[in-house]
Amino acid sequence: MRATGCTCSCTSPALTSPQRPATQPPIRTEVRHARQGGGGPGHDPPLSATGRRRRRVGRGHAGRRGPRAPHRCLQRLPARPRHPEERRGEGRAQGSARGHARRGRAAGRLIPSSANALSPPEENAMSRIVTRFAPSPTGFLHVGGARTAIFSWLLARSRNGRFLLRIEDTDRERSTPEATQAILDGMTWLGLDWDGEIFYQSERAHIHNAAVDRMLETGQAYWCECSPEEVEAMREKARGEGRKPKYDGRCRERGLGPGPGRVVRLKAPQDGATSFDDMVKGPISIANEEMDDLILRRSDGSPTYNLAVVVDDAEMGVTHVLRGEDHVSNTPRQIQIYRALGLPVPRFGHVPMILGPDKKKLSKRHGATSVFDYHHQGILPEAMVNYLARLGWSCGDQEIFSKDDLVRLFTTENLGSSAAVFDMDKLLWLNAHYIKEAAPERLADLLPPFFEAQGMPAPGREALLTVIPHYQTRAKTLVEFAASSAFFFVDDAALVYDPAAVAKFLTADAKARLAELRDLFAALPNFSEESLDTALNAYVTATDTSFKVIAQPLRIAVTGRTQSPGLHQTLAALGREKSLARIDRALTL
RNA sequence: GUCCCCAUCGUCUAGUGGCCUAGGACACCGGCCUCUCACGUCGGUAACAGGGGUUCAAACCCCCUUGGGGACGCCA
């Protein structure tokens with residue numbers, strides 16, 4: 001298998017539609033092919049080639065992390081009060097891409113050309129940073145893509161910047177509208193909102209091609225008539241000689257024009273090196289002789305990926321590109337294209353991969369890879385975001401981060417540079433934490449589909465609300481939540497008794513006590529937790545027994561199982577009628 | 001094969017030359033709490049891949065080795 005897809009380190013095997021429980025997310029985002037139209041290719045005023053030179057070079061890791069006193073991530077704290085106010089509005093489109101086409105486009109074109117010219121965008125206090133997430137719609141949003149989306153979103157939101165979305169749907173074979181929808185739904189579920197219109201790469205071929213034409217005109221690109229077979233032969237030869245397999249550039253100076261079967265190649269620099277200061281990995285440099293003259297336009301006239309990405313990012317005004325590690329080797333090539341086009345080079349950051357427990361790249365073999373798999377497993381979105389953000393990023397010893405915390409604290413400085421293993425246990429722990437913290441009303445909104453998924457009608461909201469607090473400390477997922485609290489809501493006659501528990505605890509002696517308790521409960525003036533608690537304790541003292549002796553039999557009688565919330569709570573939540581009915585039934589077992 | 005990247009407890013990580021007999025969290029083990037299960041709480045086991053340098057001092061800087069990963073498409 002190979003990496004497919006997104007600009008985000010995904011391995012996005014077109015996942016087959018999972019048999020999803022009835023947890024259809026209530027969040028739907030319209031996929032609409034916004035007409036991007038117009039707008040020439042990157043015809044922005046050419047910027048001085050020197051504009052992009054970094055000042056900070058090769059100082060190793062120390063170089064990108066200045067010496068500072070307190071926890072670095074906490075330094076963002078003072079910034080807090082400013083942010084919420086400043087970044088609001090401006091056509092941030094949550095949900096369907098409607099209506100802000102003009103505004104979005106204008107901003108996209110203007111910002112970079114003025115802001116990027118002289119210093120790296122990061123250092124320029126006046127510049128608005130622009131990040132993007134650019135998935136290719138060949139499957140669901142998987143956790144790797146979700147994480148780079150989260151980081152890109154955080155980078156923008158934490159710096160009062162814009163976060164854009166571009167769908168890289170130029171692979172007609174594998175791109176589907178369903179996948180696009182699934183990705184948007186995934187983003188929405190996670191609460192990652194984007195600014196302005198969604199960009200669809202497939203609608204922008206004319207812009208890409210215009211850029212190629214421009215390079216042809218300026219001599220930065222040339223026509224090549226070598227066939228794929230010939231090129232493969234060159235590569236084979238080079239490989240045999242222990243060199244980097246590459247096209248040998250034989251058409252470079254031939255001055256060929258257009259013609260059938262011909263491609264356009266970049267006339268890349270042949271000596272020197274191309275380097276960049278990666279936001280997560282530090283300085284990276286690759287000798288230009290390692291790279292060949294990559295194809296910009298295929299023989300069928302269509303633009304290639306590396307060209308399209310560069311042109312789109314430049315056109316959209318992207319200043320900071322955060323993407324998967326599998327793109328580091330594309331980066332120098334893309335930088336060469338930026339230079340050939342005279343465009344400002346954005347900052348790049350490559351986030352490491354997510355591994356499975358066996359330390360191999362996370363894949364379906366390891367279980368769930370789509371964020372919706374986790375949704376359906378009853379993971380709360382805030383737990384997912386917290387977990388994913390913490391996977392490869394840290395802030396001192398802090399583990400729990402609300403989205404606001406993240407926005408306030410995030411910086412690329414604290415992004416880790418090595419691959420990380422996806423740890424379900426820790427996700428579960430976080431999820432349990434957020435379930436405890438959640439408002440019961442919210443859980444009541446979320447839970448119904450999880451009951452339905454296990455084949456029972458969703459309980460009434462009121463009944464649900466009385467039971468929910470008892471399970472917030474007991475469930476790690478909503479699936480577990482529904483499963484372990486289901487006995488509350490089933491018909492008394494349909495309650496399933498655990499045979500082993502019945503055999504062990506519902507002895508004749510126990511039944512005798514149950515009968516007494518039944519009468520006691522029937523006579524109780526009210527059936528509240530307090531009065532039950534008092535009555536139970538009084539019974540224990542009066543009959544000179546211990547709570548332990550009556551607890552399990554009673555519990556099994558009303559729940560069918562050995563585990564439940566506290567007895568008085570369980571009985572009260574069940575109500576007198578059901579409690580008595582169940583005890584009666586237990587007496588017959 | 002070539003190039004690039006990565007390397008602290010089982011896992012996520014803190015660490016940016018002395019605050020390190022390496023800190024936190026998950027998981028695991030044990031105690032407490034207790035009507036069960038949880039929650040909570042207290043405690044414990046557990047790591048700087050190896051070797052050379054540099055330095056008064058190295059988990060941290062440099063080099064090498066080893067191991068892992070990625071890339072080398074008219075895919076994205």
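Below, each value reflects all heavy atoms present in this structure, side chains not excepted, and no hydrogens, waters or symmetry copies. Note on naming: letters A, B, ... go to the chains in the order of the sequence lines (proteins, then strands), and numbering restarts at 1 for each one. Keep in mind that this is a model prediction, so the values were computed, not measured.
Contact between the side-chain N/O atoms of A/Arg298 and the OP1/OP2 oxygens of B/rA76 is found at a separation under 4.0 Å. For the OP1/OP2 pair of B/rG69 and a distance below 4.0 Å, the side-chain nitrogens and oxygens of A/Lys360 include at least one atom meeting the criterion. Within the 4.0 Å cut-off from OP1 or OP2 of B/rG40, at least one side-chain nitrogen or oxygen of A/Lys436 is found. In this structure, A/Ser394 reaches the B/rA14 phosphate: one of its side-chain N or O atoms is under 4.0 Å from OP1 or OP2. OP1 or OP2 of B/rC3 has not a single side-chain nitrogen or oxygen of A/Lys246 nearer than 4.0 Å. Dashed line: the shortest gap from a side-chain N or O of A/Lys548 to OP1 or OP2 of B/rU36 is under 4.0 Å. Not one side-chain nitrogen or oxygen of A/Arg235 sits closer than 4.0 Å to the OP1 or OP2 atom of B/rC72.
Heavy atoms of A/Ser299 sit under 4.0 angstrom from at least one base atom. In this structure, A/Val263 reaches the bases: a heavy-atom distance under 4.0 Å links it to at least one base atom across the strands shown. At a threshold of 4.0 angstrom between heavy atoms, the contacts of A/Asn330 include nucleobase atoms, whether or not backbone atoms are also involved. In this structure, A/Thr170 reaches the sugar-phosphate backbone alone: every heavy-atom distance under 4.0 Å involves primed, P, OP1 or OP2 atoms, never a base. Here A/Cys226 lies in heavy-atom contact (under 4.0 Å) with a base. Within the nucleic acid shown, A/Gly566 comes within 4.0 Å of at least one base atom, counting heavy atoms only. At the heavy-atom level, A/Leu391 lies under 4.0 Å from the strands shown only through sugar-phosphate atoms. Using a 4.0 Å heavy-atom distance criterion, A/Ser484 is classed as making no nucleic acid contact. In this structure, A/Pro565 reaches the bases: a heavy-atom distance under 4.0 Å links it to at least one base atom across the strands shown.
For the P atoms, the distance from B/rG10 to B/rA46 is 10 Å, rounded to whole Å. Taking atom P in both B/rA25 and B/rC42, the straight-line distance is 10 Å, to the nearest Å. Taking atom C1' on both B/rA47 and B/rC60, the two are 15 Å apart, rounded to the nearest angstrom. Between B/rC48 and B/rU55, the distance separating the two P atoms is 26 Å to the nearest Å. Rounded to the nearest Å, the gap between the C1' atom of B/rA58 and that of B/rG53 is 11 Å. When the C1' atom is used for both B/rG23 and B/rU8, the distance is 11 Å, rounded to whole Å.
Contact of A/Glu241 with B/rG1 (side chain to base): no donor-acceptor pair of N or O atoms is detected under 3.5 Å. Side chain A/His350 to base B/rC5: no donor-acceptor pair is found below 3.5 Å. For B/rC39, the base has no donor-acceptor partner in the side chain of A/Arg474 [N/O atoms by modelled type, under 3.5 angstrom]. Not a single donor-acceptor contact under 3.5 angstrom links the side-chain atoms of A/Ser417 to the base of B/rC6.
A salt bridge does not link A/Arg333 with A/Glu290: every distance from a Lys NZ or Arg NE/NH1/NH2 to an Asp or Glu carboxylate oxygen is 4.0 Å or more. Between A/Lys426 and A/Glu399, at least one side-chain N (NZ, or NE/NH1/NH2) sits under 4.0 Å from a carboxylate O, which counts as a salt bridge. Look at A/Asp248 and A/Arg250 and you find a salt bridge, because one of the NZ, NE, NH1 or NH2 atoms lies within 4.0 Å of a carboxylate O, short of that distance.
With rounding to whole Å, A/Arg239 atom CZ is found 8 Å from B/rC72 atom C1'. Rounded to a whole Å, the CG atom of A/Asp358 is 17 Å from the P atom of B/rG10. Atoms CD (A/Glu480) and P (B/rC39) sit 10 Å apart, rounded to a whole Å. Taking atom OH of A/Tyr539 as the reference point, atom C1' of B/rC35 lies 14 Å away to the nearest angstrom. Protein atom CD1 of A/Ile354 is 18 Å distant from nucleotide atom P of B/rC6, rounded to whole Å. Between A/Lys237 atom NZ and B/rC72 atom C1' the separation is 18 Å, expressed in whole Å. Rounded to an integer number of Å, the gap from CD of A/Gln334 to P of B/rA71 is 14 Å. To the nearest angstrom, P of B/rG70 lies 17 Å from CZ of A/Arg323.
Side chain to side chain, A/Arg298 and A/Ser302 meet the donor-acceptor criterion of an N or O pair below 3.5 Å. Using a 3.5 Å distance cut-off with no hydrogens or angles, the side chains of A/Thr331 and A/Arg323 do pair a donor with an acceptor. Side-chain N/O atoms of A/Glu230 and A/Ser227 include a donor and acceptor closer than 3.5 Å.
Under the 30°/60° scheme for interplanar angles, the aromatic rings of A/Phe422 and A/Tyr374 are found to be tilted.
Evaluated for a side-chain contact (heavy atoms from CB on, under 4.5 Å) with A/Arg132, the options A/Leu165, A/Val321, A/Leu322, A/Asp312 yield exactly one hit, A/Val321. For the pairing with A/Glu225, the salt bridge (Lys or Arg N to Asp or Glu O under 4.0 Å) check across A/Arg252, A/Arg265, A/Arg262 returns one residue only, A/Arg262.
Considering only the side chain of A/Ser329, B/rA71 comes nearest among B/rC3, B/rA76, B/rA71. Of the listed nucleotides (B/rA76, B/rC12, B/rG69), B/rA76 has the atom at the smallest distance from the side chain of A/Glu168. You'll find that the side chain of A/Arg390 is closest to B/rU13, out of B/rU36, B/rG1, B/rU13. Closest to the A/Glu399 side chain, of the nucleotides B/rC12, B/rC26, B/rC75, is B/rC12. Listed nucleotides B/rU2, B/rG69, B/rC35 differ in distance to A/Arg555; the shortest reach to its side chain belongs to B/rC35. Nearest to the side-chain atoms of A/Asp425 among the listed nucleotides B/rC5, B/rC26, B/rG1 stands B/rC26. Here B/rC72 is the nucleotide among B/rA76, B/rC6, B/rC72 with the atom lying nearest to any side-chain atom of A/Pro245. The listed nucleotides are B/rC5, B/rC35, B/rG1; the one nearest the side chain of A/Lys281 is B/rC5. Picking from B/rA76, B/rC4, B/rG70 the nucleotide with the shortest atom distance to the side chain of A/Asp326 gives B/rG70. Distance from the side chain of A/Met353 is smallest for B/rG69 among the nucleotides B/rC74, B/rG24, B/rG69.
For A/Ala551 and A/Arg147, each mapped to the nucleotide of RNA chain B holding its nearest heavy atom, the one lying further toward the 5' end belongs to A/Arg147. Judged by closest nucleotide on RNA chain B, A/Tyr387 is the one of A/Tyr387 and A/Pro303 placed further toward the 5' end.
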Yes or no on side chain to side chain contact (heavy atoms under 4.5 Å, CB included) for A/Asp533 and A/Asn537, after CA distance, side-chain angles and deciding distance? CA-CA 6 Å; A/Asp533 198 29; A/Asn537 283 318; 3.6 Å; yes

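Between A/Tyr471 and A/Phe450, the distance separating the two ring centers is not shorter than 6.0 angstrom.
For the residue pair A/Ala179 and A/Thr138, the shortest heavy atom distance occurs at CB-N, 3.9 Å.
Contacts with RNA chain B (heavy atom under 4.0 Å) in residues 426-433 of chain A: A/Lys426, A/Trp429, listed by number.
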